[in-house]
Amino acid sequence: MGLEDRTRYDPAESEARVFARWFDSGLFHPEPAGAAAENYSIAIPPPNVTGALHMGHALNGSIQDTLIRYARMRGKRTKWILGTDHAGIATQTQVERLLASEGTSREEIGRDAFVERVWRWREQYGSTIIDQYKRLGASCDYAEERFTLDEAYARAVLKVFVTLYDKGLIYRDNYMVNWDPGSRSAISDLEVEDREVTDTLYYVDYPLASGHGSVTVATVRPETMLGDTAIAVHPDDDRYTRLVGETAILPLVGRRLRIIADEYVKPEFGTGALKITPGHDPNDFEIGRNHGLDELTVIGEDGRMTAEAGERFAGLTALEAREAVVAALREEGRISRTEPYTHEVPYSQRSGERIEPLISLQWFMKMEELAAPAIAAVREGRIRIHPEGQRRRYLDWLENIRPWCISRQLWWGHQIPVWYRGEETYVGMDPPSGPGWERDPDVLDTWFSSALWPFATLGWPDETDELRAFYPTDVLLTARDILFLWVARMVFMGLEFVGDIPFDDVYVHSVVQAPDGRRMSKSLGTGIDPLALIDGGPRPPVFSEGGDFPAYGADAVRYGLLAMSSTQDVRFNEGTIAEGRQLANKLFNASRLVLLRVPEGLTVPETAPAPSTVEDTWILSRLQAAEAEIAEAIGAFEFHRATRTLYRFVYGELCDWYLEMLKPRLYAEDNAEPAAFALYVLAETLALAHPVIPFVTEEIWSLMPGAGDLLMAHRWPEADPALRDADVEAEVARAIEATQALRTWRDGVGAAPGSRVPARLDAPGYERVAEHVARLARFEFSLNGDDPVATVGVPGGAVLVLASDAVDLEAEKRRAAERAELLRKEITRAESKLDNAGFVAKAPAAVVQAERDKLDKLRRELDELS
RNA sequence: GGGCGGUUAGCUCAGUUGGUCAGAGCGCCUGCCUUACAAGCAGGAGGUCGCGCGUUCGAACCGCGCACCGCCCACCA
């Protein structure tokens, strides 16, 4: 189809073609050279290998690509490090589910076969999300895709483990962990979320060994009492002081329990006496260690009661045991009271099951020593975290850091490089020689390997050219949910192993919520698929209206997400995506206007041609303003401002005014000069818009005569302050204001749309723009000396409307009266302000003067009216 | 229990250091198929900037209090 007939920009038609040209150019893949300080790099937050692109990725990717393209156009050697994360629990769970559907399980097929199966799964689905990033236009280095389980990457992981072990920072210990019965693994504190649950609070009487009376404790988990090893009361609690040191008898079991005093106990809660179960409660565990209590495990890793729970209960699930224990206690008359009790209970984010705190032999990382430099780097401003609130979160977390449980009882991941033979332990990157060694079956927490991402992807521990050229990276973009899980850990790992921060800036961007304010989630039906927006897929149920999205295209999605984004969460707003589509279409059509009028042989000027008219000077000046503003906004990570400035420039200045003023000259017979100038302005605008909406700008670029290969590789339009012209800006601003005033007047009196209204322009400073005003407002200015029938205020004076068929005198009378009314109101307001002695005396002179000028102007217009 | 953020037009959101800052897009109303675009153009209506008190000549903006909403951190049975 010829350009003449392409009246709409069709993203579906051009995006694949444009992406292929980018991809084939090789510009996504930089040869490593130079130092990191002169290059520009970003490490992508690696998506889960089997995941699909969601709104979070789309926003995160749009921001990064905007930054990458901006840097590339500014002549930087630019690398966007790409790859995927093996995502231990998430991936293993998916494959286990698949096995279950086939009627088998990982235990049944065995570890080797299972891992083999996951690798095959990864082969099958691992490229999906990468392809989806391409649909967004992401200019990642696809030639160097990394995976956290790649052989080289795995070597880096093992080296880090062994090094930290040798330094004594990694150790094995029996400690209380968050046991996730769903994934049958320990998980970290950060993978636990609290949910509100209403349980029953049971008041249970424990008889005293003395035979005189009993102590009543309150508990929501009666089944854990089988593991009780003490009762605690507050040392200052008078009710119990005499009992401290005595012994109580555990009902059903008969175990003798010491009554101890500990300040942890809250006297006002329950009965003020607390049963202590060191094996199954984090608080009790602490108290137990402080008082040297026995630690009994009555609930096992399978979620069932152990032999230690007694044969009456062993083998029951914890929930079954609770009922059995309660029934047994009731039988013995030990339950004096129950009440409903609503509280927060820990659940696994991974499996959704209730966390079972238990004591387990796990690997831990000691954190204080590693955290200190990571705190200092941010405190001293070597790493800047935006916005400020996130910086504080980061510091608070690291300053209160606890040991990190790094082992997971999974099969998919980096197996811990530790071997045992009897009492012997061997730790090393390669297996020990000799017979009889058995490797620790656990794997490392996924975040252990992700923490090495910015340097392990560049070839560390080898001192590669890539590492030299691109580490540290420039900026990390993320939502706040992985600030601790990932960002903080990258910082201390980078400092520890490369000796330098992993990035200079961390920008924490919005989380995009569903239109109704809920979290976007597939299971809730609130998730919106970015691909559905690009291609025009079905609207999810969270939208009130049904049907398919229009095919907005990638540019619209990028623009919309950037325009929605800020430093706080935002609700998804389809209208903002639509705005992006309109912008792309507008630019496309503005380009058609120019391109279809360019005479044969004319090419895009390399540098700004000398402007020959006031509107040329004006648009050149405004272009510099937009360029400066957008560059500043991108530099400050204020993408909302960048998109808004772009939109306003294109709509409010380029299209609404410049192109309209240009038309007579562009349509003239001999239009080489205005066409060349317009081509230049268009080229600059396309370059300016390219980082945000790369597809449509690249597409148009390919239609520009003599524009060169790829806009992607074109220089960024640097603002030139010398091209600003304040006088001309003011002159054209007056012309715009006058045009709008005249149009409003026309509408107010109901002038026939096509008619040209005769009038006399009675104001100075319009010599060079009067013709534009007349044409755009459909007026006919003359020197006719007749008495006017209407007066329209314009900057610096008035337009005196002459009698004609176009003017309805009655309508004009009404309009003039309304206008006068409004003017009187504003005059009163200005007068009272200037009558205020305090204002005149204390406000800056310029402010006072501005108010006086305003008053004069209002009075003049009112005079003219009457 | 601590901490952070929000509350501006019917909807989604901008509002830099207090003084043309009361804005944008969508939606709505009116009129236009004007030689790039009807996914368009022109014009318009609509808000006591959550509530109260204070600082100031002047507050959407600064301070205090309150009310909702959201998020984060925290081992209270």
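Below, each value reflects all heavy atoms present in this structure, side chains not excepted, and no hydrogens, waters or symmetry copies. Chain letters run A, B, ... following the sequence lines, proteins first, then strands; residues in each count from 1. Note that the structure is a prediction, hence the values are computed from the model and not measured.
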With rounding to the closest Å, how many angstrom separate the [atom1] atoms on [N] and [M]?
{"N": "B/G5", "M": "B/G50", "atom1": "C1'", "result": "15 Å"}
{"N": "B/U34", "M": "B/C26", "atom1": "C1'", "result": "26 Å"}
{"N": "B/U48", "M": "B/A59", "atom1": "C1'", "result": "14 Å"}
{"N": "B/U17", "M": "B/G10", "atom1": "C1'", "result": "34 Å"}
{"N": "B/C66", "M": "B/A9", "atom1": "P", "result": "25 Å"}

Anything below 3.5 Å on both distances counts as a pair; with that, list the stems of at least three consecutive Watson-Crick or G-U pairs involving RNA chain B.
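Counting only runs of 3 or more consecutive pairs, the stems involving RNA chain B are B:1-7 with B:67-73, B:10-13 with B:23-26, B:28-32 with B:40-44, B:50-54 with B:62-66.
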Donor-acceptor contacts, no H, no angles, side chain residues 216-230 of chain A, under 3.5 Å, sequence neighbours left out:
| from | atom 1 | to | atom 2 | distance (Å) |
| --- | --- | --- | --- | --- |
| A/Thr216 | OG1 | A/Asp205 | OD1 | 2.6 |
| A/Thr219 | OG1 | A/Arg221 | N | 2.9 |
| A/Arg221 | NE | A/Glu223 | OE2 | 3.1 |
| A/Arg221 | NH1 | A/Glu356 | OE2 | 3.0 |
| A/Arg221 | NH2 | A/Glu223 | OE2 | 3.2 |
| A/Arg221 | NH2 | A/Glu356 | OE1 | 3.2 |
| A/Arg221 | NH2 | A/Glu356 | OE2 | 3.0 |
| A/Glu223 | OE1 | A/Arg322 | NE | 3.0 |
| A/Glu223 | OE2 | A/Arg322 | NH2 | 3.2 |
| A/Thr224 | OG1 | A/Arg221 | O | 2.8 |
| A/Thr224 | OG1 | A/Lys275 | NZ | 2.8 |
| A/Asp228 | OD1 | A/Lys275 | NZ | 3.1 |
| A/Asp228 | OD1 | A/Thr277 | OG1 | 2.6 |
| A/Asp228 | OD2 | A/Tyr206 | OH | 2.6 |
| A/Thr229 | OG1 | A/Asp294 | O | 3.1 |

Check the distance between [N]'s [atom2] and [X]'s [atom1] and give it to me in whole angstrom.
{"X": "A/Tyr647", "N": "B/C26", "atom1": "OH", "atom2": "P", "answer": "5 Å"}
{"X": "A/Phe285", "N": "B/C76", "atom1": "CZ", "atom2": "P", "answer": "17 Å"}
{"X": "A/Phe269", "N": "B/G1", "atom1": "CZ", "atom2": "P", "answer": "14 Å"}

Check this one for me: any side-chain N or O of [X] less than 4.0 Å away from OP1 or OP2 of [N]?
{"X": "A/Arg402", "N": "B/A74", "value": "yes"}
{"X": "A/Lys586", "N": "B/C41", "value": "yes"}
{"X": "A/Thr567", "N": "B/G5", "value": "no"}
{"X": "A/Arg8", "N": "B/A39", "value": "yes"}
{"X": "A/Tyr341", "N": "B/A77", "value": "yes"}
{"X": "A/Thr576", "N": "B/C13", "value": "no"}

Give a yes or no on whether A/Tyr175 atom OH has more than 12 heavy-atom contacts from other residues, nucleotides or ligands under 6.0 Å away.
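Open.
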Results of ring-ring contact (aromatic ring centres under 6.0 Å, His included) for A/Phe572 - residues two or more places apart only
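Partners of A/Phe572 by the ring-ring contact (aromatic ring centres under 6.0 Å, His included) criterion come out as none, since no residue qualifies.
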